[in-house]
Amino acid sequence: MCFWLKGYPAEKFWIVWPILALIIAAVALVAAVLQKLLGAAGTLLTVLVVMLFGNPSSGGGSRRC
């Protein structure tokens, strides 16, 4: 178990790391484009879009205990 991140087995780190890096890069690209097009409102729009569309796709809204 990967104790310093407490969430996934350590042997899966090199599989998960590039996937997460690409997701971060995609969100940064969307933020940069929206900031260029809309100015400061692009930042707000990026936050709203990522929170609204990112939460349902993560399964957080449908998770059952």
Side-chain angles (χ1 to χ4, degrees):
M1 185 61 88
C2 191
F3 294 110
W4 61 282
L5 290 177
K6 296 181 173 93
Y8 59 88
E11 63 270 6
K12 301 290 185 189
F13 175 78
W14 294 109
I15 296 170
V16 173
W17 181 69
I19 296 169
L20 294 177
L22 288 173
I23 291 171
I24 292 168
V27 171
L29 181 64
V30 168
V33 168
L34 287 176
Q35 286 177 352
K36 187 72 169 174
L37 294 174
L38 302 173
T43 305
L44 179 62
L45 184 61
T46 301
V47 169
L48 291 174
V49 166
V50 169
M51 286 176 46
L52 288 176
F53 294 125
N55 188 27
S57 65
S58 70
S62 63
R63 194 172 297 165
R64 295 183 185 184
C65 294

Q) What distance do W14 atom CH2 and I19 atom CD1 have between them, rounded to the nearest 0.5 Å? A)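 Answer for the CH2-CD1 pair, W14 versus I19, is 13.5 Å.
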(Q) Is there a continuous path of hydrophobic side-chain contacts, each under 4.5 Å between heavy atoms, that joins V33 to V49? (A)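 Looking at the clustering, V49 is in the same group as V33.
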(Q) If hydrophobic clusters are built from ILVMFWY residues whose side chains come within less than 4.5 Å, do L37 and L45 share one? (A)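 Yes; tracing contacts between hydrophobic side chains, which count when under 4.5 Å, links both residues.
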Q | With L34, the side-chain contact (heavy atoms from CB on, under 4.5 Å) member among T46, L44, T43 | A |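 Exactly one pass, corresponding to T46.
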